[in-house]
Amino acid sequence: MTDVLGAVWGLVATPLSYGFMQQALLVAVMTGAVCAVLSCYLVLKGWSLMGDAVSHAVLPGLVLAHVLGLPLAIGAFAAGLFCAVSTGYLKENSRVKEDTVMGIVFSGMFGLGLVLFTKVETDQHLLHVLFGNMLGVTARDLVETAIVAGLTLIVVLARRRDLLLYCFDPSHARAVGLRVEWLHYGLLVLLSLTIVASLKAVGVILVVAMLVAPGATAYLLTRRFDRMLLLAVAVAVTSSVLGTIVSYHINGSTGPCIVLIQAGLFALSLLWDQTVRRRSAAPQAGAPAAGA
């Protein structure tokens with residue numbers, strides 16, 4: 001038993017003996033936690049595609065921020081917020097459904113970003129923008145991620161009940177006096193901030209999985225929203241730690257490893273949910289048959 005524990009400890013301690021792995025683990029845990037909290041609201045609201053839209057739409061903002069000499073986080077946040085607001089405007093002023101509008105807006109902005117990226121000389125690598133570069137984060141990136149993630153978590157947790165009521169029943173939220181429009185655009189701002197905080201870790205594309213998988217996994221395991229938040233954070237943090245360690249030992253990309261583990265945990269939760277449903281649907285032993 002001692003030999004087994006020693007071997008397990010060696011698998012964990014060896015990668016964490018390097019400074020860049022420690023920074024990668026910290027940024028993975030921070031982004032995973034904030035994405036998990038927000039993913040619960042996105043899953044409940046049915047806005048999973050909105051996360052996909054905003055994450056892809058930040059690409060032109062990154063390029064323009066580089067051209068103007070601004071921090072990349074500012075450009076990404078502005079582009080993501082523009083995508084979210086324009087999607088809401090088009091939905092309210094056209095007969096096109098929301099998912100269609102989101103598909104048009106984010107694909108158009110993503111295409112614009114790709115064109116700008118090929119025309120502007122930059123030291124940024126396209127693959128790092130799309131898929132992240134968690135092992136290459138600097139101390140400055142770590143501080144920026146901590147500030148954005150911490151601010152987002154504070155706002156979400158402070159207004160969690162109002163956001164929950166808005167996501168569950170907007171009409172009731174309006175009836176009790178809540179400013180539904182403020183909650184709507186406030187949630188979009190928080191979504192943009194979360195994506196900005198996650199760019200360094202998993203990039204534009206993989207952030208979608210981190211914004212959906214933890215909340216979807218927790219949704220299958222509980223019916224209480226408070227427990228859903230805790231389970232989502234637990235899933236995200238666990239997958240972040242395991243993904244970072246596994247990526248070191250298999251010499252793989254850290255972000256995709258984290259996402260794969262999250263997908264595996266979702267599959268396990270789905271099997272658990274189906275098993276519970278079958279047991280609850282099966283007639284109890286000794287119960288009289290229907291119509292007896």
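Since this is a predicted model, take the numbers as computed values, not measurements.
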Mind checking what makes ring-ring contact (aromatic ring centres under 6.0 Å, His included) contact with Y166, not counting sequence neighbours?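 Expected list: none.
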Euclidean distance, [Y] [atom2] relative to [X] [atom1], rounded to 0.5 Å:
X	Y	atom1	atom2	value
L221	L268	CG	CG	9.5 Å
L142	I147	CG	CD1	10.5 Å
L229	Y41	CG	OH	5.0 Å
F110	C83	CZ	SG	12.5 Å
L230	T222	CG	OG1	9.5 Å
L62	L116	CG	CG	11.0 Å

[X] to [Y] - nearest heavy-atom pair and separation:
X	Y	answer
S247	T254	OG-OG1, 3.2 Å
L59	G113	CD2-C, 3.7 Å
A33	L153	O-CD2, 4.4 Å
A216	V43	N-CG2, 3.7 Å
A232	C40	CB-SG, 3.5 Å
S107	I104	OG-O, 3.1 Å

Please determine whether residues [X] and [Y] belong to a single hydrophobic cluster, defined as Ile, Leu, Val, Met, Phe, Trp and Tyr linked transitively by side-chain heavy-atom distances below 4.5 Å.
X	Y	value
M210	L260	no
L242	V233	no
V189	L163	yes
L151	L190	yes
V235	V207	no

Any pair counted as salt bridge (charged side-chain N to carboxylate O under 4.0 Å, His left out), so long as it reaches residues 212-240, sequence neighbours left out: none
Compare all side-chain heavy atoms of [X] with those of [Y] and state whether any distance is below 4.5 angstrom.
X	Y	result
L25	V241	yes
L188	H184	yes
V148	F77	no
L220	F266	yes
E181	R174	yes
T244	M21	yes
T217	L231	no
P170	K45	yes

Salt bridge (charged side-chain N to carboxylate O under 4.0 Å, His left out) against D169, all qualifying residues, sequence neighbours excluded: none
Hey, is OH on Y185 packed in by over 12 heavy atoms from elsewhere, all under 6.0 Å?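 For Y185, atom OH is crowded (more than 12 foreign heavy atoms under 6.0 Å).
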Mind checking what makes side-chain contact (heavy atoms from CB on, under 4.5 Å) contact with [X], not counting sequence neighbours?
X	answer
T194	V34, C35, L38, T152, S198, L211
V176	L165, H172, L178
S239	I258, I261, Q262, L265

Strictly distance-based, threshold 3.5 Å: is any side-chain N or O of R277 a donor or acceptor partner for the main-chain N or O of Q274?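 Side chain of R277 to backbone of Q274: no pair is present.
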Is a side-chain N or O of S39 found less than 3.5 angstrom from the main chain of P214, in a donor-acceptor match? no
Given I250 and C257, is the side-chain contact (heavy atoms from CB on, under 4.5 Å) satisfied, shown in steps? CA-CA 10 Å; I250 67 174; C257 288; 3.9 Å; yes
Show the numbers, then the answer: is there a side-chain contact (heavy atoms from CB on, under 4.5 Å) between Y18 and Y248? CA-CA 11 Å; Y18 299 97; Y248 172 83; 3.4 Å; yes
